2 protein chains.
Amino acid sequence: MFAEIITIGDELLIGQVIDTNSAWMGQELNKIGIEVLRIVSIRDREEEILEAIDNAINRVSIVLLTGGLGPTKDDITKTTLCKYFHTELVFSENVFENIKQLLAGKIPMNALNKSQAMVPRDCLVINNPVGSAPVSWFERGDKVLVSMPGVPLEMQTVMKESVLPRLHQRFHSDVIIHQTFMVQHYPESVLAEKLESWESSLPECLKLAYLPKSGIIRLRLTGRGKDKNSLESTLNCEKEKLENLLGADILTEEDIPLEIMVGELLKRKKLTVSTAESCTGGNIATRLTSIAGSSEYFKGSVVAYDNTIKVSLLNVSPATLELHGAVSEDTVIEMVKGAMNALKTDCAVATSGIAGPGGGTPDKPVGTVWIAAGYKNEILTYKQETNHGRMLNIEKAVNNAFLLLRELIK
Amino acid sequence: MFAEIITIGDELLIGQVIDTNSAWMGQELNKIGIEVLRIVSIRDREEEILEAIDNAINRVSIVLLTGGLGPTKDDITKTTLCKYFHTELVFSENVFENIKQLLAGKIPMNALNKSQAMVPRDCLVINNPVGSAPVSWFERGDKVLVSMPGVPLEMQTVMKESVLPRLHQRFHSDVIIHQTFMVQHYPESVLAEKLESWESSLPECLKLAYLPKSGIIRLRLTGRGKDKNSLESTLNCEKEKLENLLGADILTEEDIPLEIMVGELLKRKKLTVSTAESCTGGNIATRLTSIAGSSEYFKGSVVAYDNTIKVSLLNVSPATLELHGAVSEDTVIEMVKGAMNALKTDCAVATSGIAGPGGGTPDKPVGTVWIAAGYKNEILTYKQETNHGRMLNIEKAVNNAFLLLRELIK
């Protein structure tokens with residue numbers, strides 16, 4: 001069963017907004033056996049929307065639209081859908097009630113809010129519990145078209161509560177299983193060579209993909225077929241072969257961010273963690289606290305961007321800074337000890353480096369980052385030496401800090 | 001002049017990777033007067049790639065492909081392009097030399113790396129200085145198709161160094177100007193009502209768009225036409241009218257992140273800043289340090305996720321925590337003072353709240369965040385009370401912290 005996603009909005013085409021909705025939708029649709037064939041982003045122009053809808057509806061059974069449902073003039077999805085389906089807008093008492101409740105005590109109702117209660121006739125209108133733009137669900141023959149708001153929280157809420165369950169019920173479809181392996185220590189081409197003969201002999205129903213990112217490669221094995229049990233046993237058999245080939249270089253067999261992997265490990269071992277960050281500037285803390293419930297193991301951080309703070313709050317010795325510089329193994333070792341002491345945690349990670357673009361020297365070029373992980377009296381260090389630009393240097397340092405901490409406490 | 005972007009890769013459709021390339025490309029193309037009509041994401045399947053290319057080439061003059069150029073089996077863009085353009089792969093000595101240099105001293109050359117030197121005949125091959133997959137530039141009649149690697153750093157490098165300058169030279173095109181206004185204090189519908197009559201009377205060549213995000217609305221006025229001077233003077237005239245309508249609610253007339261806006265202000269006033277973060281968990285520091293050169297004004301942070309750290313490092317009184325709770329005006333006031341003292345900065349921001357999904361109480365429901373900004377002896381506070389889910393609650397608190405600090409020191 002195939003779907004196409006159409007995201008509507010000039011802001012996507014001029015690049016002012018990154019389309020994060022489609023990836024989320026792709027993940028959720030896959031879980032119910034619906035495969036996304038295409039994602040198309042188009043402008044708020046009637047003829048372009050009409051053309052995209054028409055193309056999609058001829059190609060697949062399910063067309064999902066997001067965006068263009070706001071109360072302002074540039075939002076024309078609703079009227080365009082009326083044109084496509086030869087219908088008109090009518091006032092919905094239900095939707096109006098919903099909007100009234102949403103606005104109650106916040107902002108006064110005005111004509112534009114009220115206009116959100118005008119909905120296409122000849123479709124199922126589904127209330128949006130977290131916003132004023134409702135969902136329109138059109139069925140024509142064996143095709144379904146659903147128009148949803150583009151605000152991520154609203155789209156996710158209506159998808160989870162209404163659209164996904166309805167699609168699941170409406171369409172019978174193939175079983176799709178994904179199994180991801182997070183692999184460390186390999187450049188993509190070396191890994192591909194190592195796996196070549198295994199990959200060539202994979203059964204027809206399985207497909208392998210490589211997804212390299214910031215020093216880690218996610219290998220994704222996708223199976224599709226009619227029978228869940230036989231698909232699972234085929235996949236398990238190939239999974240075992242892969243485990244034998246890669247051994248401990250497989251970090252985990254879940255497709256999870258490293259902060260969750262490390263968080264679970266800390267929870268299991270009942271350990272607390274803190275961070276002492278220079279060049280990563282709070283990014284490790286940010287990643288750790290992005291996980292709900294992280295307060296169980298994460299206590300806090302000192303972001304010591306300025307050297308005076310490395311000394312005053314992390315007790316790094318001025319002599320070390322003088323002798324070895326801030327970007328040095330000695331400094332990160334003192335930082336990680338300082339974090340465990342000052343923040344009273346069982347373990348800690350520390351970073352100090354030159355994220356770039358400026359600040360490099362012949363000895364310590366841009367991209368040089370020293371990382372330390374500490375657990376009680378044990379300390380591991382790692383020197384990162386590649387330069388992929390400021391943001392990627394920081395991201396890679398965060399990942400390496402997580403990998404180093406895992407190595408130490410696993 | 002119109003372009004279409006085609007991004008290729010199963011990982012985009014199943015949602016394992018978010019397409020950030022297209023937004024970046026859209027921005028850069030706009031700057032040279034090329035408008036992106038569509039962004040299409042498709043799977044690594046020959047027939048789907050062929051169909052997407054054919055559709056695009058019939059619709060627009062410029063087709064830009066990214067992805068599917070890796071050395072592994074799932075990458076088939078190169079062979080598919082050969083099929084589409086009735087040509088074949090040939091070995092390029094130049095590209096091979098480039099790959100050798102890139103790998104030198106890092107990983108050994110293997111057959112897969114070497115296969116990257118096979119390039120389509122009958123096209124211009126442009127070296128990729130930061131990766132092993134080169135760019136293929138096809139010209140057929142008045143149409144141009146360019147195939148680029150999908151790794152963001154590689155795509156950006158080849159676009160900036162080769163593709164954009166060539167496109168600019170090759171195509172004459174309309175002038176496009178964007179002017180963005182960042183507006184605070186308005187829900188979208190209220191702002192739209194306020195601007196309705198002005199918007200209706202905008203000249204044909206100007207178009208207005210609303211881009212709301214985390215408490216701020218970016219208004220984007222886009223002009224397009226043949227003559228740059230007349231377009232600019234029309235736009236300036238409307239800009240003045242808008243400034244009169246909105247006054248001080250216009251935060252800035254640049255489309256920049258708040259961390260840059262605040263950073264520039266701090267630099268101009270020669271002030272230093274620190275942060276004391278509880279529920280934002282390092283996100284304010286992360287945003288501040290995402291800007292190269294931020295070490296000029298940003299000194300460091302204490303992420304006090306655990307209350308003991310609020311006491312030990314920020315000198316928050318245990319009595320305050322006991323009496324008012326961690327999520328209170330009194331606590332963030334003490335935190336912000338503690339940050340200025342401990343980190344020795346002229347100003348600081350502090351946050352304490354319930355990001356969710358758990359931890360809410362009837363008194364302090366999920367989404368409640370207290371924020372303080374301090375500058376010497378002056379302190380401003382703000383209570384954020386909406387709940388849009390953990391990540392958005394945090395993002396909004398970061399934005400409000402920046403706005404509060406700006407309010408205080410501007």
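Values reported hereafter were calculated over all heavy atoms of this structure, with side chains retained and with hydrogens, waters and symmetry mates removed. Please read all numbers here as calculations on a predicted model, not as lab measurements. Chain identifiers are assigned alphabetically (A, B, ...) following the order of the sequence lines, protein sequences preceding nucleic acid strands; residue numbering begins at 1 within each chain.
- Looking at A:A3, neither its backbone nor its side chain comes within 4.5 Å of chain B, counting heavy atoms on both sides.
- In this structure, the portion of A:T180 lying under 4.5 Å from any heavy atom of chain B is its side chain and not its backbone.
- Between chain B and the residues A:G281, A:G359, A:G300, A:G26, the most heavy-atom pairs under 4.5 angstrom are made by A:G281.
- With a 4.5 Å cut-off on non-hydrogen atoms, A:R390 touches chain B through its side chain but not through its backbone.
- In this structure, the portion of A:L211 lying under 4.5 Å from any heavy atom of chain B is its side chain and not its backbone.
- Qualifying ring pair (Phe, Tyr, Trp, His ring centres under 6.0 Å) partners for A:Y305, counting only residues two or more places apart in sequence or in other chains: B:F298.
- Both the backbone and the side chain of B:L343 come within contact range of chain A, each with at least one heavy atom under 4.5 Å from a heavy atom of that chain.
- Heavy atoms of A:D255 lying under 4.5 Å from chain B belong exclusively to its side chain.
- No part of A:I8 comes within reach of chain B, as not one of its non-hydrogen atoms sits under 4.5 angstrom from that chain.
- Of the two parts of B:L12, only the backbone, made up of N, CA, C and O, holds a non-hydrogen atom closer than 4.5 Å to a non-hydrogen atom of chain A.
- Shown here for B:A342 and A:S312, the closest heavy-atom pair between the two residues is O-OG, 4.4 Å.
- The stretch residues 5-17 of chain A participates, sequence neighbours left out, in these salt bridge (Lys or Arg N to Asp or Glu O under 4.0 Å) pairs: A:D10-A:R45, A:D10-B:K207.
- For chain B, the option among A:E196, A:Q27, A:K310, A:H388 with the highest count of heavy-atom pairs below 4.5 Å is A:Q27.
- With a 4.5 angstrom heavy-atom cutoff, B:L208 touches chain A only via backbone atoms.
- In this structure, B:T286 contributes its side chain and A:G282 its backbone to a donor-acceptor pair below 3.5 Å.
- Annotation: maximal heavy-atom pairing with chain B below 4.5 Å, among A:S274, A:A192, A:S189, occurs at A:S189.
- For B:T7, no part lies near chain A; criterion is any non-hydrogen pair under 4.5 Å.
- The existence of a salt bridge linking A:R59 and B:E48 is excluded, since no basic side-chain nitrogen approaches an acidic carboxylate oxygen closer than 4.0 Å.
- Contacts of B:N30 with chain A are made by side-chain atoms alone, with heavy-atom separations under 4.5 Å and no backbone atom involved.
- For A:V17, the parts lying under 4.5 angstrom from a heavy atom of chain B are both the backbone and the side chain.
- Ranked by non-hydrogen atom pairs under 4.5 Å with chain B, the options A:P187, A:A304, A:G389 are led by A:P187.
- With rounding to the nearest 0.5 Å, the separation of OG in A:S295 from CG in B:D306 is 8.0 Å.
- Ranked by heavy-atom pairs under 4.5 Å with chain B, the first of A:M25, A:E199, A:R287 is A:E199.
- Both the backbone and the side chain of B:L37 come within contact range of chain A, judged by heavy atoms closer than 4.5 Å.
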Go through the steps to decide whether B:L13 and A:I39 satisfy the test side chain to side chain contact (heavy atoms under 4.5 Å, CB included), and finish with yes or no. CA-CA 7 Å; B:L13 283 304; A:I39 300 163; 3.8 Å; yes
